[in-house]
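Every heavy atom of this structure was used, including side-chain atoms; hydrogens, water molecules and symmetry mates were not.
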Amino acid sequence: MSEIAALLVELDALRALPAETEWLDFKEARQTFDIDELGRYVSALANEANLHGRRCGWLILGVKDRRDPLTGLRPISGSAFKTGVAAMNALKLQVAQGTSPSMSFLRVGELAHADCAAGSRVLMFEVPPAPRGMPVSWKGHHYGRVGESLTALGTKYEVIRAQSELLDWSRQAVDADVTSLDEAAVRQGRALYAKKHPARAAELVGWSDERFLRELDLTRNGKLTRAAVVLFGSASGVSRLDDVSPRLTWKLMDGAGAELDYQHFKPPFVLAIDELVSKLRQRIHTVRILPPGQLAPLELPAYDDWVIREALLNCVAHQDYASGGRVVVSEWPDSIWFSNEGSFIPGSVESVLVANEPVHRYRNPCLAEAMVELGLIDTIGSGIKRMYRTQRERYFPLPDFELKSNPASVRVCIHGRELDTAFSRALLSGMDLSLEEVIALDRVQKRKALAPALLKPLRRRGLVEGRGALVRISGAVAKAAGREVSYTVDRGLDSQHYKALVVQLLKLGPQGRPKINQLLLDKLPGAIAPEKRAAYIKTLLREMSRDGLIETDGGRTKAAKWRLKPASRLGQAPTLANE
């Protein structure tokens with residue numbers, strides 16, 4: 001499902017809730033909305049999302065706050081607030097400057113809902129939760145919510161302040177000491193530390209195990225933290241984690257999705273990581289590629305060892321262990337999928353890719369920081385960018401991220417073969433593209449939603465064209481990639497062609513939506529995803545109605561039929577203005 005389609009589904013689910021909550025607020029804001037009021041809501045929703053364990057809070061403009069008793073949904077009113085990229089960017093800057101700690105939105109979904117008036121849309125501001133231990137203020141004041149009401153944060157302030165230690169599952173001490181460590185795992189950990197910090201290698205030799213763990217901040221008053229047990233614990237140490245049993249699972253899948261083999265790996269994860277990687281059968285396979293400008297093909301491993309380990313180790317660092325889930329590595333004939341439970345902390349992959357520096361936020365800070373000290377992972381952001389860069393340099397498809405909610409999970413796909421040779425060559429080497437442009441174009445050609453901030457530079461360079469659901473690679477990119485035919489299919493015909501087809505159908509008599517859908521669904525541009533085609537047709541019919549070409553004979557009921565306006569029924573063909 002595309003990002004826009006997912007947001008529409010999310011919007012309808014939120015509109016159907018019986019009442020607003022501490023982390024959700026609707027405003028009509030048909031024309032404007034006070035910036036200070038918006039800032040107060042950002043503070044309140046961020047703090048309440050934190051307190052309620054939500055991945056985000058929602059401030060939605062262009063929707064009434066009372067449900068329609070007939071539909072069960074809050075009606076759409078539409079909002080013209082902050083139209084245009086420049087106005088929206090200015091708003092984001094104001095929010096960042098007025099909040100402390102400084103923050104912005106995870107996403108701003110601008111949805112051209114079919115019920116919106118011309119020139120308006122629904123705005124979905126996705127507000128990140130307040131960081132652990134750090135309540136969010138607006139211009140020096142901390143806000144919260146009581147039910148649907150905006151209030152001062154009050155005593156909840158201290159609740160958030162106390163989280164920095166309490167909410168880190170991996171930092172909590174267990175009833176175990178260094179005697180609960182696996183000796184081989186500690187030796188491996190020392191070797192990794194010496195490699196990461198060569199200047200301290202000689203000093204490390206004289207350290208006791210207690211001193212080594214203290215340097216990694218993995219003990220509390222002589223007791224092991226959960227992070228220490230996950231990385232270095234023996235079976236007796238793991239048994240002290242109560243009802244939580246961290247594990248890694250490898251699964252071998254065939255092309256039809258049937259499970260052929262599997263194996264579970266328990267802590268110590270410092271050793272289990274290598275054991276799981278050694279199980280990957282496709283890792284040792286090679287593929288032949290012909291890089292641009294070379295006469296002879298190259299034989300490369302199907303997967304880069306660093307990319308595999310980075311994807312797996314990031315799952316280990318960010319797994320939601322308290323939920324009792326596990327990290328799963330699924331090996332398919334031409335790809336490997338890595339998944340962990342828990343939301344994607346930075347909010348979106350785009351926010352990581354456009355950041356100028358790594359995002360220093362983790363789900364398990366104690367565990368993740370120890371893994372950084374051991375050289376197992378990079379800080380968030382730099383590792384993801386390096387994964388993209390490595391795949392690009394190998395002329396392989398870029399990684400695909402799937403961020404899911406309810407329950408929250410993160411899945412990463414690493415491809416082990418070229419999916420589209422011509423496009424890969426043009427995209428990855430022949431057009432003098434930056435890494436950010438390569439990633440953005442890769443998402444466009446895969447028909448995945450792309451944030452406006454990433455689309456804007458592509459438009460400036462003439463690399464993409466079209467709007468909304470019809471964004472596609474430009475003719476220049478298509479020509480360089482040898483994709484002229486698919487480009488023509490994706491581009492389709494202009495809307496006047498489809499309107500003319502509707503007119504010809506209605507000359508035969510009034511028709512319901514099923515007949516009109518049957519006429520148009522398979523004729524629309526290839527760039528319109530299947531789940532968006534019905535919405536496109538609905539918008540097309542509304543445009544024709546506003547232009548005075550057609551009307552309905554039954555209001556907005558499902559039984560309503562569209563027909564030509566009276567002048568048209570008397571034989572005068574409707575005039576379709578040129579776009």
Side-chain angles (χ1 to χ4, degrees), residues 2-4 7-8 11 25 27-43 45-46 56-63 76-113 116-128 136 138-139 346-357 359 433-437 439-441 443-444 448-474 539 579:
S2 70
E3 184 175 5
I4 296 298
L7 280 173
L8 285 169
L11 175 62
D25 198 272
K27 298 293 181 186
E28 288 193 50
R30 290 179 182 270
Q31 296 300 323
T32 188
F33 193 66
D34 182 74
I35 300 300
D36 273 329
E37 185 177 1
L38 185 143
R40 290 192 288 270
Y41 274 101
V42 169
S43 167
L45 293 170
C56 67
W58 291 101
L59 175 61
I60 301 177
L61 306 187
V63 177
I76 300 292
S77 59
S79 175
F81 177 64
K82 295 296 180 184
T83 55
V85 175
M88 189 58 68
N89 286 340
L91 173 64
K92 293 176 182 177
L93 179 61
Q94 285 179 289
V95 170
Q97 291 174 335
T99 50
S100 180
S102 179
M103 64 187 304
S104 189
F105 306 107
L106 295 176
R107 284 183 297 179
V108 179
E110 298 190 58
L111 307 180
H113 199 279
C116 290
S120 69
R121 73 281 197 227
V122 174
L123 285 171
M124 297 182 68
F125 292 98
E126 190 173 356
V127 180
V136 174
W138 172 256
K139 294 186 176 180
S348 68
V349 178
E350 287 86 355
S351 67
V352 173
L353 298 176
V354 301
N356 293 323
E357 58 184 39
V359 183
L433 302 174
S434 69
L435 176 63
E436 288 73 17
E437 289 169 334
I439 294 169
L441 273 180
R443 288 183 65 85
V444 170
K448 295 181 179 292
L450 200 63
L454 293 176
L455 273 176
K456 188 175 180 180
L458 299 185
R459 292 192 191 282
R460 265 199 310 265
R461 289 197 58 185
L463 299 174
V464 296
E465 58 191 35
R467 298 285 173 182
L470 291 176
V471 171
R472 57 189 173 271
I473 61 173
S474 68
T539 300
E579 289 188 323

Atom of K82, atom of R121 and distance for their closest heavy-atom approach: O-NH2, 2.9 Å
Main-chain N/O of G62 paired to S77 side chain as donor or acceptor, under 3.5 Å: yes
Residues P128 and A46: closest non-hydrogen pair is O-CB, 3.3 Å
Atom pair CG/CG of L59 and L38 - distance to nearest 0.5 Å: 5.5 Å
Rounding to 0.5 Å, atoms CE (M88) and OG1 (T83) come to a distance of 8.5 Å
Return the OG to CD distance between S104 and Q97, rounded to the nearest 0.5 Å. 11.0 Å
Distance check, rounded to the nearest 0.5 Å: K27 atom NZ versus E37 atom CD? 5.0 Å
Could you report the tightest heavy-atom contact between S79 and E28, atom names first, then the distance? CB-O, 3.9 Å
So F33 and Y41, would you call those rings parallel, tilted or perpendicular, with 30° and 60° as cut-offs? tilted
Taking V136's backbone N and O only, do any of them form a donor-acceptor pair with S43's side chain (distance below 3.5 Å, no angle check)? yes
Of the non-hydrogen atoms in M124 and W58, which two are nearest, and what is the gap between them? CE-CZ3, 3.6 Å
Which one of L61, I60, L45 satisfies the side-chain contact (heavy atoms from CB on, under 4.5 Å) criterion with F125? L61
On a heavy-atom basis, the closest approach of V127 and V42 is CG1-O, 3.7 Å
